[in-house]
Peer 1: 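Attaching a single structure in structure tokens format; questions to follow.
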Amino acid sequence: MKKIIAAVTAMALCAGMVMGFSGCSEESEDSTVSSVESGDNNQSEGSSGASDRPNEIRDITSVELVSEMKAGWNLGNTLDAGHAGSKGSEPTAIETSWGNPVTTKEMIDAVKEQGFNVLRVPVTWDWSTGEGPDYIISEEWMDRVQEVVNYGIDDDMFVILDIHHETWHDPYEDNYEAASDRMKKVWTQIGERFQNYDEHLIFEGMNEPRLRNTADEWNGGTDAAREVVNKLNADFVETIRSLGGNNPKRHLMIPGYAASSANAALSAIKVPDDDKIIVSVHGYIPYNFALATGGGANKYFLASRMTGDIDNLADTLKTLFIDKGQAVIIGEFGAMNRDNDPFRVHWVKYYITKMNEIGVPCVWWDNNANSGSGELFGLFNRRTLEWYSQDVADALIAAANGEFTLDEIIAESDELLQSMKNNE
């Protein structure tokens, strides 16, 4: 079901996605579980339990870890799919319920071959979790999640595993105790299953915790909601640190309110006193170019005059976190396909080159949607194993590898400006 967002500032809106094929929406427009598509569903070696990956974890800071990351890609609208009717369904029925095919090793191999070395795996655990007080995750779902995680690990990628589209941790003060209890129990199970994985596996405590369906949903939140997010982040970190295996040294990602790039949300984040913490931020900016689907949507971007939101975010992240020795990852970013690839190429070059200056890697939100209506963030066609927008994918990787300077990118704006005029 699509959502309507109240009119708020662009910086608040860029914090997340708003429609059925988005990074943070709670439901697909089509609530019917689709039939399971054929695919390689054989479990990877070692997908049956925590003892499969007895790897030593390097004792390095998150700043050092993040410096090894180049470019990232989200397996969006897949393991994070499903709806209330999915409760108790087979794992692959949930995985394909929003129209995407079963994930295969060949898909992740192709992403790695393109040059991405970070794989974010969004997961909604709710449909396979039992009732309280124990909130037991089904073995079948845990096995399937681990199988997909292993696809990335076996390709020597950094894998970010999160909880996504969950509705039980809304940051209301009167919901905190119940949310905290469930968070500890869910993350204990995940942490124990993956306890022997090395630093290539990163846990992300929450995805865009916010006051859903309220006027404050995307505006950076309220003081009270931001404080509840901080408390839940602290509970997550404490829970993982209390577990065995490599978890005392596991790198952990924490968001602010809604993972928002709004200053109010970012400045309120309380980072635990722990050198293995990464701040998670989502930045679909400039909003009208990257994300807007209604009035104000714009298919043009010029680095000579439209970079204010990107520059401001980079400056804010540097001041609040980077200069203090705290790591940051932009866990979701992207610009929708509007039949405007030359401008998306130009935009992705600038965005990533600017974030490279402060040491912040970016992870593209890919929902495999590239045509029609909705939020068209698909770069990679998971059925053909080809790139919908090869030029954008190539520019993204080249920028991540430091092949451009900001001056060079800005100089391209004159040519693109002429193209704009010719199209008007």
Side-chain angles (χ1 to χ4, degrees), residues 1-31 73-74 76-78 80-81 83 98-100 122 164-165 207-208 210-220 258-262 281-302 306-310 313 330-348 350-351 362-381 388-389 392-393 396 420 423-424:
M1 180 176 65
K2 294 182 181 178
K3 299 178 182 177
I4 299 175
I5 296 183
V8 292
T9 65
M11 280 302 291
L13 282 164
C14 72
M17 314 288 289
V18 296
M19 296 176 63
F21 284 97
S22 70
C24 67
S25 64
E26 309 302 340
E27 298 179 356
S28 169
E29 288 184 15
D30 182 0
S31 63
W73 182 86
N74 273 276
N77 286 17
T78 306
D80 56 316
H83 47 82
W98 287 3
N100 274 317
H164 208 96
H165 297 323
N207 178 75
E208 299 179 352
R210 62 195 189 276
L211 304 175
R212 290 174 300 108
N213 303 315
T214 73
D216 292 314
E217 183 168 12
W218 297 115
N219 68 356
S260 174
S261 57
V281 181
H282 297 176
Y284 298 91
I285 52 177
Y287 171 73
N288 285 339
F289 175 79
L291 178 60
T293 57
N298 171 34
K299 68 179 183 179
Y300 300 119
F301 176 84
L302 295 176
M306 300 177 180
T307 64
D309 288 348
I310 298 171
L313 178 57
I330 295 182
E332 290 183 18
F333 88 119
M336 291 201 313
N337 176 30
R338 307 180 194 274
D339 294 324
N340 61 338
D341 274 4
F343 293 94
R344 290 207 295 166
V345 166
H346 188 59
W347 170 85
V348 82
Y350 189 89
Y351 195 122
C362 304
V363 187
W364 182 278
W365 176 258
D366 194 322
N367 56 9
N368 198 26
N370 188 257
S371 62
S373 60
E375 295 178 345
L376 307 179
F377 286 95
L379 275 187
F380 178 61
N381 188 326
Y388 291 116
S389 302
V392 177
L396 193 161
M420 284 174 57
N423 289 332
E424 291 177 347

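In this text, all values refer to a predicted model and were calculated from it rather than measured experimentally.
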Peer 1: State the CG-CG distance between Asn370 and Leu379, to the nearest 0.5 angstrom.
Peer 2: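 Taking CG in Asn370 and CG in Leu379, the distance rounds to 8.0 Å.
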Peer 1: By side-chain hydrogen bond (donor to acceptor under 3.5 Å, both in side chains), which residues pair with Asn368, not counting sequence neighbours?
Peer 2: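 Once residues adjacent in sequence are excluded, the partners of Asn368 under the side-chain hydrogen bond (donor to acceptor under 3.5 Å, both in side chains) criterion are Asn100, Tyr388.
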Peer 1: Taking atom OH of Tyr284 and atom CH2 of Trp365, what is their separation to the nearest 0.5 Å?
Peer 2: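 Interatomic distance, Tyr284 OH to Trp365 CH2, rounded to 0.5 Å: 6.0 Å.
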Peer 1: For residues Leu376 and Ser371, report the shortest heavy-atom separation together with the two atoms involved.
Peer 2: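 So the minimum-distance heavy-atom pair works out to CD2-O, 3.6 Å.
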Peer 1: Can you confirm if the aromatic rings of Phe301 and Phe343 lie within a centre distance of less than 6.0 Å?
Peer 2: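 No, the ring centres sit 6.0 Å or more apart.
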Peer 1: State the NE2-CG distance between His282 and Asn207, to the nearest 0.5 angstrom.
Peer 2: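 Reported to 0.5 Å precision, the distance equals 5.0 Å.
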Peer 1: Go through the structure and list residues passing side-chain hydrogen bond (donor to acceptor under 3.5 Å, both in side chains) with Trp364, not counting sequence neighbours.
Peer 2: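 By the side-chain hydrogen bond (donor to acceptor under 3.5 Å, both in side chains) rule, Trp364 matches no residue at all.
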Peer 1: The criterion is side chain to side chain contact (heavy atoms under 4.5 Å, CB included); which residues satisfy it with Ala81, sequence neighbours excluded?
Peer 2: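 For Ala81 the side chain to side chain contact (heavy atoms under 4.5 Å, CB included) partners, ignoring immediate neighbours, are Ser97, Trp98.
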Peer 1: To the nearest 0.5 Å, how far apart are CZ in Arg344 and CG in Asn337?
Peer 2: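 Reported value, rounded in 0.5 Å steps: 4.5 Å.
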Peer 1: Is a side-chain donor or acceptor of Asn74 paired with a backbone partner of Gly331 at a separation under 3.5 angstrom?
Peer 2: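 At least one qualifying donor-acceptor pair exists.
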Peer 1: Taking Gly76's backbone N and O only, do any of them form a donor-acceptor pair with Thr78's side chain (distance below 3.5 Å, no angle check)?
Peer 2: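 Indeed, once roles are kept as given, a pair shorter than 3.5 Å links the two residues.
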Peer 1: So does Phe289 get a backbone contact from the side chain of Arg338, meaning a donor-acceptor N/O pair under 3.5 Å?
Peer 2: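 Yes, the answer is positive, given that a donor and an acceptor are paired below the 3.5 Å cut-off.
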Peer 1: If you look at every heavy atom in Trp73 and Asp366, which pair is closest and at what distance?
Peer 2: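 Closest pair (atom of Trp73, atom of Asp366, distance): NE1-OD2, 2.8 Å.
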Peer 1: Where is the tightest heavy-atom contact between Arg210 and Glu217, given as atom of each residue plus distance?
Peer 2: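 Here Arg210 and Glu217 meet closest at NE-OE2, 2.9 Å.
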Peer 1: Indicate the ring-plane relationship of Phe333 and Tyr351, choosing parallel, tilted or perpendicular according to the 30° and 60° boundaries.
Peer 2: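 The arrangement is tilted - the two ring planes meet at 30° to 60°.
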Peer 1: Testing the basics here: between Leu313 and Val281, what is the closest heavy-atom pair and its distance to 0.1 Å?
Peer 2: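 Heavy atoms only, the tightest pair is CD1-CG1, 4.5 Å.
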Peer 1: Taking all atoms of both residues into account, what is the closest heavy-atom pair of Gly334 and Ala290, and its distance?
Peer 2: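 Of all heavy-atom pairs spanning Gly334 and Ala290, the closest is O-CB, 3.3 Å.
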Peer 1: Under the side-chain hydrogen bond (donor to acceptor under 3.5 Å, both in side chains) test, which residues partner Asp216, sequence neighbours left out?
Peer 2: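 side-chain hydrogen bond (donor to acceptor under 3.5 Å, both in side chains) list for Asp216, sorted by chain: Asn219.
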